[in-house]
2 protein chains.
Amino acid sequence: MAQTRRRGAELEEAILRAAAGELAESGYPGVTMDRVAQRAGTNKNAIYRRWPNRAALGIAAYQLLVKDNTRVPDTGELRGDVLATLRHANEQLSSPNGDILRGLLASMQEEPELLAALHERMADGGAELWLTILRRAVGRGEVAETALRPRIATVAIVLLRNEYVTRGITSVSDEVIVEIVDDVYLPLVRAS
Amino acid sequence: MAQTRRRGAELEEAILRAAAGELAESGYPGVTMDRVAQRAGTNKNAIYRRWPNRAALGIAAYQLLVKDNTRVPDTGELRGDVLATLRHANEQLSSPNGDILRGLLASMQEEPELLAALHERMADGGAELWLTILRRAVGRGEVAETALRPRIATVAIVLLRNEYVTRGITSVSDEVIVEIVDDVYLPLVRAS
DNA sequence: TACCTAAGGTACTGTGTGTACCTTATTTGT
DNA sequence: ACAAATAAGGTACACACAGTACCTTAGGTA
């Protein structure tokens, strides 16, 4: 009954929107090829012509979901910037996004290149954001230039993500975030 | 043709050994109820009478695999202890154990209590081990007593595990381990 | 000896992945 | 304007796996 048959980019977007919808509503387990196809008003063939398997579709949908999440806060002091970024990431990782992330991580065992793509887009996990925050702190004289290393800069978000991935919780309390900042991150960057 | 039918603990051990074998050879995806049952020379009913679902069986098998892995090294200095522990954990987490861990983590989305059990046994992830190492360093005067907090003590292993979980790699290079120790962990505990 | 418990065996439902094959609509080149 | 190429729709399928039902059979126990 469709007046005109959708093609190319139009159909691709419809599929992606359907997959992202399932992801948001039912988590990664809900992203089945049958469900996505039905929701997009198409069939599995159209999906398999674009993504080689369920995992690839899941990553693409996840990227659509968490897009536009990399703003760099500027509160005027390092502690405020770090807290704001962690809290923002905490919202992004909260249920169901945490489940989604965990589900995706596990499904990528055989596709390292897909996992790398996922890692790049992982919510606020990019080192560049953290280096930017630290660079401004260096400019204000809050920390020494030797702290400007990716491994050091991303410690806070790694610890936060660790809470999600290994504890399976749906949301990290603000106390934990403050603890990460005051007990670990700030002492570390000031000592480096 | 079995002379005597196995029962109770004997059968349970046979099932667990079969599951651990599949885990070691094929990772978590290989731990299917059918395969484990066949390998153990029994049937799915016997498994379901003991574990409520595949995830529970997977955790039990994982615990069998990584058992006896918590020795506390004593090299006489903090840096040596930390490096030894991380290198040991790196071996434990190396393929296929890393895949196994990731697979288990993802499957636990609905069973928080199982995930908690897994977390307890996670290779060298227990805070107690790290606190012991730090306590000895405090005794030697290497670090201040204020560093004796779980969040601080476990930072090194969390960073190492992060490499596995988010990057999907099969083994972390020794350079990364040294970087974690010298650039992050030692500065952190000495500053605390 | 009879009973009870637990193991073995088999079959089944339901769901999901991925593929095959054919039909039909739409675009593009001539 | 028409034909050929391209891509979508539709259906059916093979295969694997989780979990359940139901019955049969072995082996301790009273």
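Convention: sequence-line order gives letters A, B, ...; per-chain numbering from 1. Side chains included, hydrogens not; waters and symmetry mates left out as well; all remaining heavy atoms used.
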Atom-pair distance (OH on A:Y48; P on C:dG16), nearest Å: 12 Å
Nearest whole Å is fine: how far is C:dG16 C1' from A:I47 CD1? 13 Å
With sequence neighbours left out, write down each residue that passes salt bridge (charged side-chain N to carboxylate O under 4.0 Å, His left out) with A:R49, or none if nothing qualifies. none
Could you write out each protein N or O paired with an N or O of nucleotides 5-9 of chain D at a distance under 3.5 Å?
unit_1	atom_1	unit_2	atom_2	d
D:dA7	O4'	A:R7	NH1	3.3
D:dA8	OP1	A:G8	N	3.2
D:dA8	OP1	A:R50	NH2	2.5
D:dA8	N3	A:R5	NH1	3.3
D:dG9	OP2	A:T42	OG1	2.3

Roughly how many Å is it from CZ in B:R54 to C1' in C:dT15, rounded to a whole number? 15 Å
Roughly how far, to the nearest 0.5 Å, is the CD1 atom of A:I47 from the CZ atom of A:R54? 11.5 Å
In whole angstrom, what separates A:M33's CE from C:dG16's P? 13 Å
In whole angstrom, give the distance that lies between atom CD of B:E10 and atom P of D:dG27. 12 Å
Give the rounded distance in Å between these two atoms: CZ of B:R35 and C1' of D:dC17. 12 Å
With sequence neighbours excluded, residues passing salt bridge (charged side-chain N to carboxylate O under 4.0 Å, His left out) with A:E10: none
Applying side-chain contact (heavy atoms from CB on, under 4.5 Å), name anything that partners B:V176, two or more places apart in sequence or on another chain. A:R151, B:E163, B:V172, B:S173, B:I180
For B:T146, give me all partners under side-chain contact (heavy atoms from CB on, under 4.5 Å), at least two apart in sequence or on another chain. B:A144
Whole-Å gap separating P (D:dG19) and CH2 (B:W51): 14 Å
Can I get a per-line list of side-chain donor-acceptor pairs under 3.5 Å for residues 184-192 of chain B, giving both atom names and the distance, sequence neighbours left out?
unit_1	atom_1	unit_2	atom_2	d
B:Y185	OH	B:A153	O	2.7
B:S192	OG	B:L188	O	2.8

Can you tell me the distance, in whole Å, between the CG atom of B:D34 and the P atom of D:dA18? 7 Å
